[in-house]
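Since the structure is predicted, the reported quantities are computational estimates derived from the model, not experimental observations.
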Amino acid sequence: MSTAMVRAEGVRKQFGGLEVLKGIDLSVERGQVCCLLGPSGSGKSTFLRCINHLEKVDGGRLTVDGDLVGYRQQGSRLYELREREVAARRRDIGMVFQRFNLFPHMTAVENVTEAPVRVGGVSRSEALEQAHALLARVGLGDRSGHYPAQLSGGQQQRVAIARALAMRPKLMLFDEPTSALDPELVGEVLDVMRQLAADGMTMVVVTHEIGFAREAGDTAVFMDEGVVVEAGDPRRVLADPEQERTRAFLSKVL
């Protein structure tokens, strides 16, 4: 039986006449960290958003933990799920964006407890206990009562990670989580992500942090113009890429 947490088969996506994903084939096994690399506009973030049905695929098949994303199959036909069903499945997938998207009028601990209480049906006392533990896990145990405006960008992103973890996801998606941060704050977020990887969390990460991909990634996938150009062990792909397009990209970012 396949252990794949994420499986994409010929996934296509277009916006109007622009085909952004041109048949993506990709598999991420349980407990693996898959790093998506490539230039802006290559389709990385669009593919990530397809995984939790923030974008609907226009072709191919995409499954998470064996379940079709956004659809159910009956015989040979696919039927789109109702929004409530999509939302229920999305609870199992945590997502961290470039921007932190924290509620500015809520403290760090309130941001982390909001979804478990309102969406997950967890009691407020249990949610608070879990939130304090998660904030401590991301190194912010002493900042639980602070509002986003009182936190640095790196601290806000770590609260956003804790918030995503509060729903106890089986899969975490990161869309360039350090791109909006000042350079000196990048390391504290990557350290949290490295610890998640060490703890066995399945992760798909869109990133330009080549060092993180090399150290924490199990698979590096280089995308360009809506296709997977090259994929494999990060140490091999980054040190000795097979494709000229990969070599050209890495020569500019390393």
Side-chain angles (χ1 to χ4, degrees), residues 2 4-28 32 34-99 101 164 169 171-177 179-180 202-208 213 217 219-232 237 241-246 248-250 252-253:
S2 172
M5 178 62 75
V6 179
R7 187 179 299 281
E9 301 171 274
V11 170
R12 296 181 176 274
K13 175 67 184 177
Q14 63 184 61
F15 297 101
L18 178 63
E19 192 173 25
V20 178
L21 301 178
K22 304 174 182 177
I24 301 295
D25 293 308
L26 182 65
S27 180
V28 183
Q32 283 194 336
C34 175
C35 294
L36 304 181
L37 312 173
S40 297
S42 60
K44 308 181 303 296
S45 293
T46 297
F47 177 67
L48 200 73
R49 292 171 65 84
C50 286
I51 293 175
N52 65 357
H53 206 55
L54 289 175
E55 299 289 353
K56 300 177 184 178
V57 301
D58 294 318
R61 293 171 62 88
L62 183 57
T63 62
V64 171
D65 200 17
D67 292 324
L68 280 168
V69 174
Y71 298 87
R72 61 181 171 83
Q73 185 165 353
Q74 190 170 325
S76 60
R77 297 181 63 111
L78 295 181
Y79 297 88
E80 189 168 0
L81 297 177
R82 290 189 287 267
E83 185 56 39
R84 180 179 296 179
E85 296 172 294
V86 171
R89 291 191 181 181
R90 198 177 280 147
R91 293 176 196 171
D92 292 332
I93 305 173
M95 188 158 184
V96 178
F97 299 88
Q98 296 179 36
R99 294 292 174 180
N101 298 324
L171 170 67
M172 285 285 287
L173 308 177
F174 293 86
D175 189 4
E176 299 193 36
S179 65
T202 309
M203 299 159 58
V204 183
V205 184
V206 173
T207 184
H208 291 295
T219 306
V221 177
F222 175 68
M223 293 178 61
D224 190 30
E225 297 184 351
V227 300
V228 172
V229 176
E230 187 164 357
V237 171
E242 296 175 353
Q243 302 299 320
E244 176 57 35
R245 181 66 188 90
T246 314
F249 173 76
L250 291 174
K252 297 175 182 177
V253 299

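- When all heavy atoms of G94 and A164 are compared, the pair lying nearest together is CA-CB, 4.2 Å.
- The line from CG of L62 to CG of N52 is 9.5 Å long, rounded to the nearest 0.5 Å.
- Taking the six-membered ring where the residue is Trp, F222 and F249 present tilted rings, their angle falling between 30° and 60°.
- With contacts defined as side-chain heavy-atom distances shorter than 4.5 Å, the pair V28/T202 qualifies.
- For the atom pair CG of L250 and CZ of R245, the computed distance is 9.5 Å after rounding to the nearest 0.5 Å.
- Donor-acceptor pairing under 3.5 Å is recorded for the side chains of R72 and Q74.
- Rounding to the nearest 0.5 Å places OH of Y79 at 13.5 Å from CG of L68.
- Of all the heavy atoms in V221 and A231, the pair that sits closest is CG2-CB, 4.0 Å.
- A distance of 6.0 Å separates CE in M95 from CZ in R49, rounded to the nearest 0.5 Å.
- Put simply, OG1 on T63 and CD1 on I51 are 10.0 Å apart, with the number rounded to the nearest 0.5 Å.
- Between the side chain of D58 and the backbone N or O of Q14 there is at least one donor-acceptor pair closer than 3.5 Å.
- Using a distance-only test at 3.5 Å, with no hydrogens or angles considered, no donor-acceptor pair links the side chain of Q243 to the main chain of V229.
- Side chains of V96 and L173 form no contact here, defined as non-hydrogen atoms less than 4.5 Å apart.
- Side-chain N or O atoms of K44 include none that pairs as donor or acceptor with a backbone N or O of M223 at under 3.5 Å.
- A 4.5 Å side-chain heavy-atom check between I24 and V228 finds at least one atom pair inside the cut-off.
- In terms of modelled atom types and a separation under 3.5 Å, the side chain of R7 and the main chain of R61 share no donor-acceptor contact.
- Between F15 and V20, some side-chain heavy-atom pair lies under the 4.5 Å cut-off.
- Between V64 and M5 there is a side-chain heavy-atom pair separated by less than 4.5 Å.
- Between the side chain of D92 and the main chain of P169, no donor-acceptor pair closer than 3.5 Å is present.
- For R90 (side chain) and H53 (main-chain N/O), a donor-acceptor pair under 3.5 Å exists by modelled atom type.
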Quiz item: Is there a side chain to side chain contact (heavy atoms under 4.5 Å, CB included) between H208 and V253 once you walk through the steps?
Solution: CA-CA 8 Å; H208 291 295; V253 299; 5.7 Å; no

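- Under the 4.5 Å side-chain criterion, counting only non-hydrogen atoms from C-beta, K13 is not in contact with V57.
- Taking 4.5 Å as the limit, every side-chain heavy atom of L26 sits out of range of all side-chain heavy atoms of V204.
- If you take CG on L78 and CD on Q73, they are separated by 5.5 Å, rounding to the nearest 0.5 Å.
- Two residues are said to be in side-chain contact when any heavy atoms from C-beta on lie closer than 4.5 Å; V69 and C50 fail this criterion.
- Minimum interatomic distance between D175 and Q98 (heavy atoms only, all atoms of both residues): O-CG, 3.1 Å.
- Nearest heavy atom pair, residue T207 against residue C35, reads CG2-CB, 4.4 Å.
- Nearest heavy-atom pair, A213 versus L37, reported as atom, atom and distance to 0.1 Å: CB-CD2, 4.3 Å.
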